[in-house]
2 protein chains.
Amino acid sequence: MVSIKDVAKHAGISFKTVSRVVNNDPAVRQETRAKVLQSIEVLNYRPNRAARMMRNQRSGVIGFISDEVVTRPYAGELLLGAQEIANQQGRVLMVVNIEQDRRRLQQALDMLLERRIEGLVFASYFHREVEVPEEMLSVPSVLANCFSRNAGVATFLPDECQAGQDATRLLVEQGHQRIAFITLHPEIVATGLRLEGYRQALQQAGLAFDPQLVVQGECLNEAGEPSSAASAIETLMQLDHRPTAIVCGKDEFAMQVYFLLLRYGLQVGVDIAITSFDNQLLIAPNLTPGLTTMALPHLEMGRAAVRHLFSSDADRGTTLVPFPLIERESHLLNP
Amino acid sequence: MVSIKDVAKHAGISFKTVSRVVNNDPAVRQETRAKVLQSIEVLNYRPNRAARMMRNQRSGVIGFISDEVVTRPYAGELLLGAQEIANQQGRVLMVVNIEQDRRRLQQALDMLLERRIEGLVFASYFHREVEVPEEMLSVPSVLANCFSRNAGVATFLPDECQAGQDATRLLVEQGHQRIAFITLHPEIVATGLRLEGYRQALQQAGLAFDPQLVVQGECLNEAGEPSSAASAIETLMQLDHRPTAIVCGKDEFAMQVYFLLLRYGLQVGVDIAITSFDNQLLIAPNLTPGLTTMALPHLEMGRAAVRHLFSSDADRGTTLVPFPLIERESHLLNP
DNA sequence: GCTTATATTGACAACGTTGTCTATGGGTGG
DNA sequence: CCACCCATAGACAACGTTGTCAATATAAGC
């Protein structure tokens, strides 16, 4: 690799002057600068970041450890948001996917710390609790889309409860009085919070909470394997007093609900209104009518996380990031 | 930051010996080694990669430049496959998303070259032609899921034609004789190749190619905005002699086709058979019947790309990576 | 007990930068 | 004409490692 000394030799000048040119030091004669720049061009010289880093102790790297953010058909926006802000700061992301594996987490951490990362984002592909190794705290850290009970780390989470409220209120505002809720797996954090939002929205509207209207969708796991809203819909349709609107726990459920209702002669957008969560771009815009859904705020969480890393704000608390409402047509009837 | 010299001082020994311990040099007395290890533990010492790198000239970093691989609800597996192999090699990925922006591409390249990457993967989120800057060739490079006419770079592409054949043959084998094909946007590379596979499969089966059965789905763009198979299905249903099976250009189309056919009283899996492409996990397993589809080989392309980077195999040619067949039920009738 | 081989350790340079200080040269002011 | 200042350039050390070689200590061979 061509070094600063090679350039110096080629330009017939001391290597320190080349350094000055590279760093835009004004104390270089115009003539000399031109000569150096040409040599740089000719030799295709690039400063060596490792050497620079040894001097100024700044790696310019932010670690991004994720369980499976990248693998999943969503959540990648978390990375994107993080990268956007990092780039604005002149920093780069070093991404490691660890797949729920404690050993790999340790390896990743070692590797990143050896590289003297200036900050660390720990992100999960779905909202859940995680355990963070103490070592992580030796560097400015943030949790995104996950939280830890023990460690005092700044945390950015989607505001599930607010989203639950919004998704429900949208239907309330259309005059619906019997609004069902198809929940996610009970052990997922989002489930309880969104349901709480649903309750609150009903209460605010002066509507009674009817436990019969809350049914669980099958959600075998979060690994992309099939999930099903079939039994949920079946239960709802057997009620004496059927719902006129449904809040679906996720867009995959919503997609299935569109189908399932047809079996009962009901059409979304005509006979029954629907809202949902996630705004999966493969699904929501492609249904007819378009699915009104609360978009996961992955992008914004990613941004907020990195922004926080180097902000003067030393807050170690939790910040709730709102779900943007993506309004299509499924929450309306007879449009 | 604690350096090797701090450890040496703490252990009351020369820093060179610490280096030996860190590098598992056997020429250290057991007793000394223990002492050093303890000091390392106490001080929480970590070797500085930048300094190491200056000596051995190896960064251990592979650049991964992508247009939008991470942003998309699929394609992330490309990154995952790349990371998997990189990790096996003891290397790390440095990921940069450039969003089709030439300026950002240049920036990314500069940044990666300054960091002395040992190899570079250039990946696209959909199969297309790209322009690679010459500078890229100054480092071992690979193209994944994209190709370049001008540059002689090793290239890994999905075998669209084979996939088209497979998706079609599956239906032929079920005895279908009128098999329709809903194409993607005509300007996308995959469109022509998959169609060619469809033709070949028909020919091999001795079936006539009927241009009336090839219809274009609306595919406004690749940005996740809505696409539609509505007009395609309408066209097909107006034919005197309707198809009994359909190959859908992508799973989003397939999802819509399930709906659209219901308007004509046709049910997938009962009246009409379907295959598709992509294996979108949000869609394919969640339809009823489950969608039989050719999975995009992103994971394998990512693996192959990185594997090639440091293989002795200096082949600069193009490798076609097969689509795995994901067999569910939609290609069968009356299951 | 003395020589010699071997095991263990340390001194020093080098990697490619940048920071600090010094040296050179020409111009300015008295 | 001399002292001084400013613009420009170079010498050298340092960052944290590892490679090379020399130094020391210990053990083995006679």
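Just so it is clear: chains get the letters A, B, ... in the order the sequence lines come, proteins before strands, and each one is counted from 1. Side chains are part of it too, since the values below use all heavy atoms of this structure and drop only hydrogens, waters and symmetry mates. In this text, all values refer to a predicted model and were calculated from it rather than measured experimentally.
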Engineer: Nearest heavy atom decides the nucleotide; on that basis, is K16(B) or V18(A) closer to the 5' end of DNA chain C?
Structural biologist: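 Closer to the 5' end of DNA chain C: K16(B).
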Engineer: Would you please confirm or rule out a distance under 4.0 Å between OP1 or OP2 of dC15(C) and any side-chain N or O of N48(A)?
Structural biologist: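 No, outside the criterion.
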Engineer: Would you tell me if any nitrogen or oxygen in the side chain of S19(B) comes within less than 4.0 Å of OP1 or OP2 on dT17(D)?
Structural biologist: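 False: S19(B) side-chain N/O out of range (4.0 Å or more) of dT17(D) OP1/OP2.
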Engineer: Assign R33(B) to base, sugar-phosphate, or nothing according to its heavy-atom contacts below 4.0 angstrom with the strands shown.
Structural biologist: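 It contacts nothing in the nucleic acid.
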Engineer: Measure the distance from CG on N56(A) to P on dA13(D) and round it to the nearest whole Å.
Structural biologist: 21 Å
Engineer: Please work out if V22(A) contacts a base, only the sugar-phosphate, or nothing of the nucleic acid, heavy-atom cut-off 4.0 Å.
Structural biologist: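 Nothing: the residue V22(A), judged by heavy atoms under 4.0 Å, touches no strand.
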Engineer: Base of dG16(D), side chain of R49(B) - is there a donor-acceptor contact under 3.5 Å?
Structural biologist: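 No.
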Engineer: How long is the line joining NZ of K5(A) and P of dG10(D), in whole Å?
Structural biologist: 14 Å
Engineer: So which atom in F122(A) and which in L105(A) form the shortest heavy-atom distance, rounded to 0.1 Å?
Structural biologist: CE1-CD1, 3.8 Å
Engineer: Run the salt bridge (Lys or Arg N to Asp or Glu O under 4.0 Å) test on R46(B) and E114(A) for me, step by step, so that the C-alpha distance in whole Å, both residues' side-chain angles and the decisive distance to 0.1 Å come before the verdict.
Structural biologist: CA-CA 6 Å; R46(B) 269 165 215 290; E114(A) 278 186 7; 6.0 Å; no
Engineer: Specify the separation, in whole Å, of atom CZ of R46(A) and atom P of dT17(C).
Structural biologist: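 Rounded to the whole Å, the gap is 12 Å.
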Engineer: So, R307(A) and E300(A), do they make that salt bridge, N to O below 4.0 Å?
Structural biologist: yes
Engineer: Distance under 6.0 Å and angle within 45° of the ring axis: does R91(B) meet both against F310(B)?
Structural biologist: yes
Engineer: Please determine if a side-chain N or O atom of N23(B) lies less than 4.0 Å away from the OP1 or OP2 oxygen of dT18(D).
Structural biologist: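 For N23(B), the contact criterion (side-chain N or O under 4.0 Å from OP1 or OP2 of dT18(D)) is met.
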Engineer: Less than 4.0 angstrom between a side-chain N/O of T32(A) and OP1 or OP2 of dA9(D), yes or no?
Structural biologist: yes
Engineer: Find the distance R55(B):CZ to dC15(D):P and express it as a whole number of Å.
Structural biologist: 17 Å
Engineer: Starting from C1' on dG19(C), measure out to CZ on R52(A) and report it in whole angstrom.
Structural biologist: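 After rounding, the gap between these two atoms is 14 Å.
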Engineer: Has T17(B) got a side-chain N or O lying under 4.0 Å from the OP1 or OP2 atom of dG10(C)?
Structural biologist: yes
Engineer: Check if the side chain of R29(A) and the base of dA9(D) share a donor-acceptor pair of N or O atoms closer than 3.5 Å.
Structural biologist: no
Engineer: Under 4.0 Å from OP1 or OP2 of dG16(D): is there any side-chain N or O of Q57(A) that close?
Structural biologist: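 It does, given that an N or O in the side chain of Q57(A) lies less than 4.0 Å from OP1 or OP2 of dG16(D).
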Engineer: Please determine whether any donor N or O and acceptor N or O are separated by less than 3.5 Å between the side chain of R20(B) and the base of dG10(C).
Structural biologist: yes
Engineer: M54(B) has an atom CE; how far is it from atom P of dA13(C), in whole Å?
Structural biologist: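 In whole Å, dA13(C) P lies 16 Å from M54(B) CE.
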Engineer: Which one, dT18(C), dC15(C), dA9(D), comes nearest to the side chain of V28(A)?
Structural biologist: dA9(D)
Engineer: On the nucleotide dT8(C), are OP1 or OP2 found under 4.0 Å from the side-chain N or O atoms that Q30(B) carries?
Structural biologist: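 False: Q30(B) side-chain N/O out of range (4.0 Å or more) of dT8(C) OP1/OP2.
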Engineer: Measure from NZ on K9(B) to P on dG10(C) and round the result to the nearest Å.
Structural biologist: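 It works out to 15 Å between those atoms.
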Engineer: Is a side-chain donor or acceptor of S59(B) paired with a backbone partner of R116(B) at a separation under 3.5 angstrom?
Structural biologist: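 Present.
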Engineer: Nearest-Å distance, CZ (F15(B)) to P (dA13(C))?
Structural biologist: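 So the two atoms are 11 Å apart, to the nearest Å.
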Engineer: Are R104(B) and E99(B) within salt-bridge range, i.e. N to O under 4.0 Å?
Structural biologist: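 A salt bridge is absent here (no side-chain N lies under 4.0 Å from a carboxylate O).
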Engineer: Give the nucleotide from the list dG16(C), dA13(D), dG16(D) with an atom nearest to the side chain of S3(A).
Structural biologist: dG16(C)
